[in-house]
Number of protein chains: 2
Amino acid sequence: MSIEHSILAVISFQPSTGYDIKGEFEHKAAGLYWGLSYGSLYPKLKKLEEEGFIVTIESESEGRRKKLYELTAKGWEELDSWLSKNPAPPSIKDELFMKMAAWHREMDLNLLSDHIKERRKEAVELLDYIRKWKQNNTSFINDVGMLAIRYAELKLEAELQWADESILAIENDEMPAGQDPYNLGEKQLERRRMAWKKDH
Amino acid sequence: MSIEHSILAVISFQPSTGYDIKGEFEHKAAGLYWGLSYGSLYPKLKKLEEEGFIVTIESESEGRRKKLYELTAKGWEELDSWLSKNPAPPSIKDELFMKMAAWHREMDLNLLSDHIKERRKEAVELLDYIRKWKQNNTSFINDVGMLAIRYAELKLEAELQWADESILAIENDEMPAGQDPYNLGEKQLERRRMAWKKDH
DNA sequence: TTCCGCATGTAATCTGTTACATGATTAC
DNA sequence: GTAATCATGTAACAGATTACATGCGGAA
């Protein structure tokens, strides 16, 4: 039920429309927590209203069709109870990690270093965005929020450090030594050759 | 199609059964890349075989029913092509981050520090697991794989550092200053009180 | 002989996205 | 006047999980 709670969290900052909420997930969050699409957002808002966690406090204002949602007492209680519960461990899906784990001897290392450079670029951009955000004098960020931003910053700095180290290692051919007790690396090459012969 | 590729990647290490693959995602990966359930694994293996990326090389061996899958030439090609493509940016879903962003003045900070301590504990365990893994002399890890492990290590170390910093900050009441240009913090408390009065 | 690990699979369900449909307001 | 942004919503589809169903082999 985590997405529903995130919606309650966004509304807790200030009464918001579905559109506002989507924006909050798109920009502020940029890569730090997950996004959501209108296709799931609007049905969920409807459900949260039916269940009494939120209410529409404004509708069809100034000729323009819009619904501003606000938390009810029940909504605040639910938010507090969610905040109190131990958060689930982070779930990370990192294709770069998977690809490195699967990288094999016949793959060009320059390709990998391109991937890492690209990742580095993304990290620099995000880091830049976050650093501006925390002193833009526009967003509401309380002291705990600052701790959260520091969390994101440290992780990105670690990513950057790793990227620099790794690019250097690849370019200077100073890769760390692996381990291969059953000689699977050699067997892998052999299996590849076999597959090739068989299928061609 | 990323999960399918991860399956090909696991088989590339050595011919594997569905059960083996599940295990690889469960243990080795522990929090570093995503898991998958039998409910999606077996249908995908079937599909990959139908499409000619993998073949069954052994079946019903030693009386026991089992299927060992191996990559075909087409499978190796698909794997190489996937490795060559720029990996998608990592997707992170971190409830702790969301909760901190939503933390408000009426919430007890000791609860938050408990959450962070729990997170710290998880990070220590994972770090310990990874450090043992990279010198267990049992797993096949090549030089690029070592780079991947270093990646995970650095991120976990950053997490640890942040946790220590943050717990200290909370306990010594030395929280970083936030920003609140529109005084939303005060308004939030007022909105809470209003909701309470209205609904009770 | 009973439990645990190995091993495969399906059906119901849940959760979310993409693409589509609609329309008002605002900035250029 | 026209493009971008604000704004809400649905239907078809994609993707994955949970729970269930089955059964062998080895260890205690």
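Note on naming: letters A, B, ... go to the chains in the order of the sequence lines (proteins, then strands), and numbering restarts at 1 for each one.
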Query raised in the report: OP1 or OP2 of dT8(D) sitting under 4.0 Å from any side-chain N/O of Lys46(A)?
Result: no
Query raised in the report: For the pair made of CG in Leu68(A) and C1' in dC6(D), what is the distance, rounded to whole Å?
Result: 14 Å
Query raised in the report: Can the positive tip of Lys66(B) be found less than 6.0 Å from the middle of the six-membered ring of Tyr19(B), inside 45° of the ring normal?
Result: no
Query raised in the report: Whole-Å distance between dC6(C) C1' and Glu24(B) CD?
Result: 16 Å
Requested in this report: Look at the side-chain N and O atoms of Tyr42(A) and state whether any lies under 4.0 Å from the OP1 or OP2 oxygen of dT8(D).
Outcome: yes
Requested in this report: Classify the nucleic acid contact of Thr17(A) as base, sugar-phosphate or nothing, counting any heavy atom under 4.0 Å across all strands shown.
Outcome: sugar-phosphate
Query raised in the report: Atom CG of Leu36(A) and atom C1' of dG9(D): how far apart are they, to the nearest Å?
Result: 14 Å
Requested in this report: Under 4.0 Å between any heavy atoms, over every strand shown, what does Gly39(B) touch: base, sugar-phosphate, or nothing? Just pick one.
Outcome: base
Report summary line: dist Ile7(A):CD1 -> Glu24(A):CD (nearest 0.5 Å) comes out at 12.5 Å
Query raised in the report: For the residue pair His5(A) and Trp82(A), does the interplanar ring angle fall in the parallel (under 30°), tilted (30 to 60°) or perpendicular (over 60°) class?
Result: parallel
Query raised in the report: Is there a side-chain polar atom (N or O) of Ser40(A) under 4.0 Å from OP1 or OP2 of dG16(C)?
Result: no
Query - Tyr19(A) side chain near dC6(D) phosphate (N/O to OP1/OP2, under 4.0 Å) - result: yes
**Report entry** Whole-Å gap separating C1' (dT10(D)) and NZ (Lys47(A))
**Finding:** 18 Å
Query raised in the report: Taking atom OG of Ser139(B) and atom CZ of Phe13(B), what is their separation to the nearest 0.5 Å?
Result: 10.5 Å
**Report entry** Rounded distance in Å - OH (Tyr38(A)) to P (dG23(C))
**Finding:** 18 Å
Query raised in the report: Side-chain N or O of Lys44(B) less than 4.0 angstrom from OP1 or OP2 on dG15(D)?
Result: no
**Report entry** Euclidean distance, atom CD of residue Glu26(B) to atom P of dG5(C) [Å, nearest integer]
**Finding:** 12 Å
Report summary line: To the nearest angstrom, the NZ-C1' distance between Lys67(A) and dT8(D) comes to 8 Å
Query - Over-ring placement of Lys187(B) relative to Tyr182(B), 6.0 Å and 45° cut-offs - result: no
**Report entry** Trp34(B) CH2 to dT17(D) P, straight-line distance once rounded to whole Å
**Finding:** 12 Å
Requested in this report: Please check the phosphate of dC6(C) (OP1 and OP2 only) for any side-chain N or O of Lys22(B) closer than 4.0 Å.
Outcome: no
